[in-house]
2 protein chains.
Amino acid sequence: MADRRIRYADRGVTLSHVAVAANVSVQTASNALNAPDRLAPGTLKRTLAAIESLGYKPNRVARALRNQSSRLIAVKVEAARSDRAAPLLDQFLHALSSCAADVGFHLILCQADDDRSELAAYQELLQTTAVDAVILSSTHRGDPRIAWLRERGVAFATFGRSWDGDEDLAWVDIDGKAGIESVMGHLVEQGHRRIAFLGWPNDSDVGLDRKQGWLAACRRHGLPTQHLAVESADDFDYGRSAALRLLSRQSPPSAVVCTSDTLALGAMRAMSESGLIPGVDVAVTGFDASPAAALTTPGLTTVRQPLDEVASELINHVEAELSGNPISPRHSLLTPTLVTRESTARQIPVHLTDPPHHRRSHR
Amino acid sequence: MADRRIRYADRGVTLSHVAVAANVSVQTASNALNAPDRLAPGTLKRTLAAIESLGYKPNRVARALRNQSSRLIAVKVEAARSDRAAPLLDQFLHALSSCAADVGFHLILCQADDDRSELAAYQELLQTTAVDAVILSSTHRGDPRIAWLRERGVAFATFGRSWDGDEDLAWVDIDGKAGIESVMGHLVEQGHRRIAFLGWPNDSDVGLDRKQGWLAACRRHGLPTQHLAVESADDFDYGRSAALRLLSRQSPPSAVVCTSDTLALGAMRAMSESGLIPGVDVAVTGFDASPAAALTTPGLTTVRQPLDEVASELINHVEAELSGNPISPRHSLLTPTLVTRESTARQIPVHLTDPPHHRRSHR
DNA sequence: GACAAGTATTTTAACGTTAATAGTTGCAGC
DNA sequence: GCTGCAACTATTAACGTTAAAATACTTGTC
């Protein structure tokens with residue numbers, strides 16, 4: 001019990017210790033850090049030396065109480081679903097945390113299963129001065145969270161654009177259209193002409209954005225689109241069955257472009273089951289550059305989001321907002337990069353346009 | 001600028017507002033929440049009603065300053081490596097965060113690339129009362145972090161056992177040996193006799209623990225082990241080449257048990273390249289139940305760690321420690337569960353013991 | 001040598017909470 | 001009616017910091 005009361009090494013060092021050591025007042029010690037120009041050179045030097053030798057670190061909590069600002073940023077963590085490929089969250093959190101640390105912020109996690117409970121969590125954290133700002137992910141049309149945070153004057157930035165044309169929102173997003181267009185460019189270069197699109201249902205704005213990339217590329221290169229687009233929720237099994245539908249068409253595609261790695265991996269499963277070898281008989285591509293895409297066989301061609309950049313811009317936004325001089329431009333659309341792997345390795349001979357032949361189905 | 005000064009809805013509600021509303025002193029209002037038995041029934045009711053109607057929430061920061069306890073727990077996030085399959089972190093963080101919330105704690109992330117900078121980060125957070133406790137992951141032999149936290153009397157618990165026989169450490173870990181043994185049981189049932197082990201180098205205690213499972217099962221079932229164990233760092237490409245070595249042996253194994261999903265996925269790649277179909281010609285298993293294992297084709301048989309349980313026990317430990325009555329037993333070894341998928345689907349006919357034949361190598 | 005005009009430093013008060021203690025009230029007992 | 005004692009409630013002080021106001025100390029000027 002007794003040792004439970006022991007204080008952490010330098011935990012007890014406060015400004016008043018520094019003040020005594022440097023023979024100045026507490027306020028002067030404080031000024032040495034916060035307004036050094038107010039001190040006479042000699043005093044400053046003496047005080048800083050005391051701070052240094054005592055290992056003084058300002059108490060975050062006291063500072064937070066006094067300044068009404070905790071330098072903590074709330075981020076939501078979602079339950080990872082095992083039927084989805086993309087825990088970008090991992091990398092994203094690391095990047096965010098790292099950028100935050102650079103400007104003296106820390107991340108505090110909050111956990112919620114829907115928009116409403118997410119707001120309740122923010123409410124609690126904000127109301128109790130526990131956090132200064134919020135980072136939102138996966139914004140959607142008519143997102144109640146945005147309105148809610150706005151209303152309360154909370155500093156926040158979103159990973160995901162404003163789908164309601166809110167020009168003043170601080171957002172960072174990935175240009176999904178451009179990402180898919182680069183995938184399409186790569187496939188066309190490999191000689192593909194019938195390129196299918198396996199995407200999310202039309203109620204997803206992110207999904208539509210990516211689909212625009214497919215449509216635009218098809219238009220530009222004069223490729224067919226009819227009967228080549230299918231929809232599926234972002235789920236491995238749904239992706240698999242949607243891909244089976246595509247592959248059983250009269251004139252099946254030679255490549256399938258997918259809105260996510262999850263769907264692409266489902267499509268690869270469908271191909272295997274149809275006796276087709278992904279990357280040889282049919283090309284497949286995903287989106288997100290999840291670990292699964294790199295480690296599956298054949299490796300999945302996909303699109304990598306520049307998460308470090310996203311994180312850094314988000315932190316810049318909230319930091320600027322909190323210090324009172326918001327950044328312009330309010331948003332940036334970052335271009336993801338194509339990652340080519342074996343799933344699109346095979347070059348299609350120019351004279352070949354007929355559908356791939358079905359091979360023996362194993363098992 | 002002006003609207004930047006607006007306060008969040010109920011942010012301004014403090015105990016003194018409650019006190020005025022209920023016509024009691026501030027301290028009585030505080031007691032209504034912290035020591036309700038001290039109030040006369042009427043006063044209590046009146047005060048609670050005021051708290052309710054004003055939407056008062058105690059200010060975490062003020063409370064932290066007064067109580068010298070922030071109810072924040074530090075957790076480290078590592079940079080996710082794209083050549084590794086297992087960002088369990090994602091699920092783990094969610095589980096932790098959720099359990100923490102149940103007892104009024106929140107998680108604060110800190111980010112560090114080695115043990116030393118990790119300690120520096122804790123140092124800073126502890127010293128400034130920013131956190132009350134720490135959750136450590138991936139402990140290793142002679143872990144400096146454990147000694148460091150001990151020394152300072154910090155409350156902490158570890159995901160990963162005490163490898164130095166420290167009986168008093170509060171840890172939760174996964175029984176890797178048992179996990180691999182259940183994999184082995186499954187493979188033996190399928191008729192496998194020559195089962196190889198693709199594991200981490202011997203300097204990893206976690207790796208050795210899992211390897212023990214293989215050795216024990218081989219002994220129990222009278223299976224050969226000679227020339228059947230190879231080592232590789234936890235990396236897809238290393239796993240791939242180690243598996244190639246195994247497969248090119250004179251009498252190759254009919255199954256490859258791996259220490260991680262990453263290695264198993266590397267092994268699957270190696271099999272494909274050798275013209276072997278995983279799950280048909282050679283069985284493969286992994287460990288961790290990462291998303292990639294579920295989504296690759298064929299699906300990878302693996303071992304799932306009960307992360308929810310791990311999280312809950314860890315939080316219980318630190319919570320108990322902070323409130324002064326540490327939990328006994330100090331540690332628990334949780335048994336992971338086998339997840340069978342197509343990579344071990346094929347039953348080996350009893351009379352067959354000869355090595356799998358090499359099929360045509362595609363591409 | 002007195003006095004304005006700075007500059008350097010200290011004092012005061014406050015952020016919101018709560019443990020410890022002090023104070024008030026009502027009521028039984030002498 | 002006064003004392004003693006519950007049973008409540010209020011006051012004080014402190015957690016560590018910092019903005020603002022107050023004070024002390026320089027320096028320069030005539």
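We name chains A, B, ... by the order of the sequence lines, and we start the count at 1 in each one. The figures that follow rest on heavy atoms only: side chains count, while hydrogens, waters and symmetry mates do not.
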Looking at every strand, decide which applies to A:V24 at a 4.0 Å heavy-atom threshold: base, sugar-phosphate, or nothing.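 The residue A:V24 makes sugar-phosphate contact but no base contact.
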B:R71/B:D132 salt bridge by N-O under 4.0 Å criterion: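 Salt bridge flag = no for B:R71 with B:D132.
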Between the side chains of B:R145 and B:E118, is the shortest nitrogen-to-carboxylate-oxygen separation below 4.0 Å, so that they form an ion pair?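 Answer for the salt bridge query: yes.
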Any donor-acceptor pair under 3.5 Å linking the side-chain atoms of A:D143 with those of A:T139?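 Their side chains do not contain a donor-acceptor pair, so the 3.5 Å distance test is not met.
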Atom [atom1] of [X] and atom [atom2] of [N]: how far apart are they, to the nearest Å?
X      : N      : atom1 : atom2 : result
B:L126 : D:dG16 : CG    : P     : 15 Å
B:N31  : C:dA20 : CG    : C1'   : 11 Å
A:N59  : D:dT18 : CG    : P     : 10 Å
B:D37  : C:dA19 : CG    : P     : 12 Å
A:L15  : D:dA14 : CG    : P     : 18 Å
B:N23  : D:dA10 : CG    : C1'   : 12 Å
A:N67  : C:dA14 : CG    : C1'   : 12 Å
B:R60  : C:dT18 : CZ    : P     : 12 Å

Taking the nucleotide of DNA chain D with the closest heavy atom to each, which residue, A:R38 or B:T28, is nearer the 5' end?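 Between the two, 5'-proximity favours B:T28.
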Of B:L65 and B:S25, whose closest DNA chain D nucleotide lies nearer the 5' terminus?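 In this pair, the answer is B:S25.
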B:Q27 has a side chain; which of C:dT17, C:dT18, D:dT17 sits nearest to it?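 Among C:dT17, C:dT18, D:dT17, the one nearest the side chain of B:Q27 is C:dT18.
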Among D:dT17, D:dC8, C:dG16, which is the nearest nucleotide to the side chain of A:R63?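 The closest nucleotide is D:dT17.
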Check if the side chain of A:R66 and the base of D:dT18 share a donor-acceptor pair of N or O atoms closer than 3.5 Å.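 Yes, the side chain and the base share a sub-3.5 Å donor-acceptor pair.
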Please check the phosphate of C:dT9 (OP1 and OP2 only) for any side-chain N or O of A:T43 closer than 4.0 Å.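 Yes, within the criterion.
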So, is A:S30 close to the D:dT18 phosphate, meaning a side-chain N or O under 4.0 Å from OP1 or OP2?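 So the side chain of A:S30 is within the cut-off, an N or O lying under 4.0 Å from OP1 or OP2 of D:dT18.
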Residue from B:N23, B:V18, B:L15, B:L39 passing side-chain contact (heavy atoms from CB on, under 4.5 Å) with B:T28: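 That would be B:L39.
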Candidates A:R150, A:R330, A:R161, A:R141 - the one meeting salt bridge (charged side-chain N to carboxylate O under 4.0 Å, His left out) with A:D166: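 The passing option is A:R150.
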